[in-house]
Amino acid sequence: GQQVMQIPQYQHVQEGEDFTTYCNSSTTLSNIQWYKQRPGGHPVFLIQLVKSGEVKKQKRLTFQFGEAKKNSSLHITATQTTDVGTYFCAGPYAGNNRKLIWGLGTSLAVNP
Amino acid sequence: EAGVAQSPRYKIIEKRQSVAFWCNPISGHATLYWYQQILGQGPKLLIQFQNNGVVDDSQLPKDRFSAERLKGVDSTLKIQPAKLEDSAVYLCASSLDRGAYEQYFGPGTRLTVT
């Protein structure tokens with residue numbers, strides 16, 4: 001069945017270093033969404049990418065959607081302790097665009 | 001704008017007992033989701049409502065889990081009887097019927113089954 005995979009599962013960085021998480025889908029996606037979940041918190045919507053090759057930026061966060069619309073990445077420049085959390089990508093199921101398939105997430109730890 | 005409300009925030013029960021969770025979505029959000037999130041994993045969809053109708057409940061263990069969304073607003077999720085493996089965070093989310101369909105999550109209910 002449809003799957004969304006994320007790597008790495010965990011990442012430890014020193015504050016100020018860059019961070020990237022990658023998301024790969026087994027099928028072509030109509031869009032991909034990214035969420036952030038702080039420790040003990042709930043997922044919070046960050047962004048949606050729709051177009052092939054799309055790149056969007058939110059301050060230090062850069063999101064990309066692959067040309068084939070099967071992969072995506074989130075890059076954080078100069079990480080801060082406030083970036084700590086788990087980053088999830090999620091794509092819609094074929095036939096039900098309101099139902100999301102979630103990756104397992106990448107947990108980011110930032111050492112001050 | 002008020003967010004998604006959930007209660008209780010924490011619940012501890014013994015196995016074979018029953019438990020119910022309540023969710024009030026963001027006003028105007030037609031779609032409501034219940035997720036189960038086990039520590040270290042992504043959210044797993046249990047059931048999706050569109051107004052008061054069920055759109056998807058393919059991963060809901062129907063022998064012990066039930067959910068309803070009366071009048072297309074509030075929703076309750078029930079587990080009866082609970083098993084040890086039901087220990088998880090139960091998240092409720094809602095979304096609009098247009099746009100990006102981004103989902104807004106409530107704070108969740110952390111269930112511990114002993």
Side-chain angles (χ1 to χ4, degrees), chain A residues 1-11 21 23-25 29-51 54 56 58 63 65 72 74 85-109, chain B residues 1 3-7 9-10 21 23-26 29-51 53-60 69 88-112:
Chain A
Q2 259 182 289
Q3 292 184 27
V4 170
M5 294 145 284
Q6 276 186 262
I7 55 169
Q9 190 174 359
Y10 303 99
Q11 185 86 57
T21 174
C23 179
N24 291 287
S25 169
L29 300 171
S30 59
N31 68 80
I32 194 154
Q33 299 183 14
W34 285 90
Y35 291 77
K36 176 183 178 181
Q37 186 172 23
R38 294 181 186 273
H42 56 274
V44 174
F45 175 78
L46 293 177
I47 207 161
Q48 183 198 46
L49 304 172
V50 179
K51 299 176 183 176
E54 188 170 14
K56 286 188 176 180
Q58 289 180 350
F63 303 85
F65 201 10
S72 181
L74 158 59
T86 301
Y87 293 85
F88 292 98
C89 63
Y93 271 89
N96 180 357
N97 58 5
R98 294 176 183 81
K99 177 181 177 181
L100 295 176
I101 314 168
W102 294 74
L104 291 181
T106 296
S107 292
L108 173 64
Chain B
E1 179 180 78
V4 176
Q6 287 189 250
S7 67
R9 292 293 311 277
Y10 306 92
F21 311 125
C23 173
N24 183 239
I26 293 173
H29 282 198
T31 306
L32 184 147
Y33 312 80
W34 282 103
Y35 288 93
Q36 179 192 61
Q37 187 175 29
I38 293 172
L39 189 64
Q41 298 183 17
K44 170 189 169 186
L45 181 69
L46 294 175
I47 190 165
Q48 175 189 352
F49 291 96
Q50 182 80 9
N51 296 308
V54 176
V55 176
D56 190 305
D57 62 358
S58 56
Q59 297 189 95
L60 186 74
R69 190 183 184 196
V89 175
Y90 291 85
L91 294 162
C92 178
S94 67
S95 69
L96 284 167
D97 256 4
R98 60 183 183 274
Y101 306 125
E102 66 263 33
Q103 298 183 15
Y104 295 84
F105 285 80
T109 297
R110 183 174 299 277
L111 174 67
T112 302

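Residue numbers start from 1 in every chain, and the chains themselves are labelled A, B, ... in the order their sequence lines are given, proteins ahead of strands. For the numbers below, each heavy atom of this structure counts, side chains included, while hydrogens, waters and symmetry mates do not.
Listed options B:S95, B:P107, B:P43 were ranked by heavy-atom pairs under 4.5 angstrom with chain A; first place goes to B:P43. Ranked by heavy-atom pairs shorter than 4.5 Å toward chain A, the options B:A93, B:G108, B:G106 are led by B:G106. Note on B:L45, B:D56, B:T31, B:L91: by heavy-atom pairs under 4.5 Å with chain A, the leading option is B:D56. Chosen from A:I47, A:V50, A:V4, A:L100, the residue pairing most often with chain B at heavy-atom distances under 4.5 Å is A:L100. No other option in A:R98, A:Q9, A:K99, A:Q6 has as many heavy-atom pairs under 4.5 Å with chain B as A:R98.
Contact annotation for B:V89: neither backbone nor side-chain heavy atoms come within less than 4.5 Å of a heavy atom of chain A.
A:Q2 is linked by a side chain to side chain donor-acceptor pair (under 3.5 Å) to A:T27, counting only residues two or more places apart in sequence or in another chain.
Taking CZ of A:F45 as the start and CD of B:E102 as the end, the distance is 4.5 Å to the nearest 0.5 Å.
With 3.5 Å as the limit, one finds a donor-acceptor pair spanning the side chains of B:Q103 and B:Y35. Donor-acceptor pairing under 3.5 Å is lacking for the side chains of A:Q37 and A:Y35.
The two atoms that bring B:Y104 and B:H29 nearest to each other are CD1-CE1, 3.5 Å, heavy atoms only.
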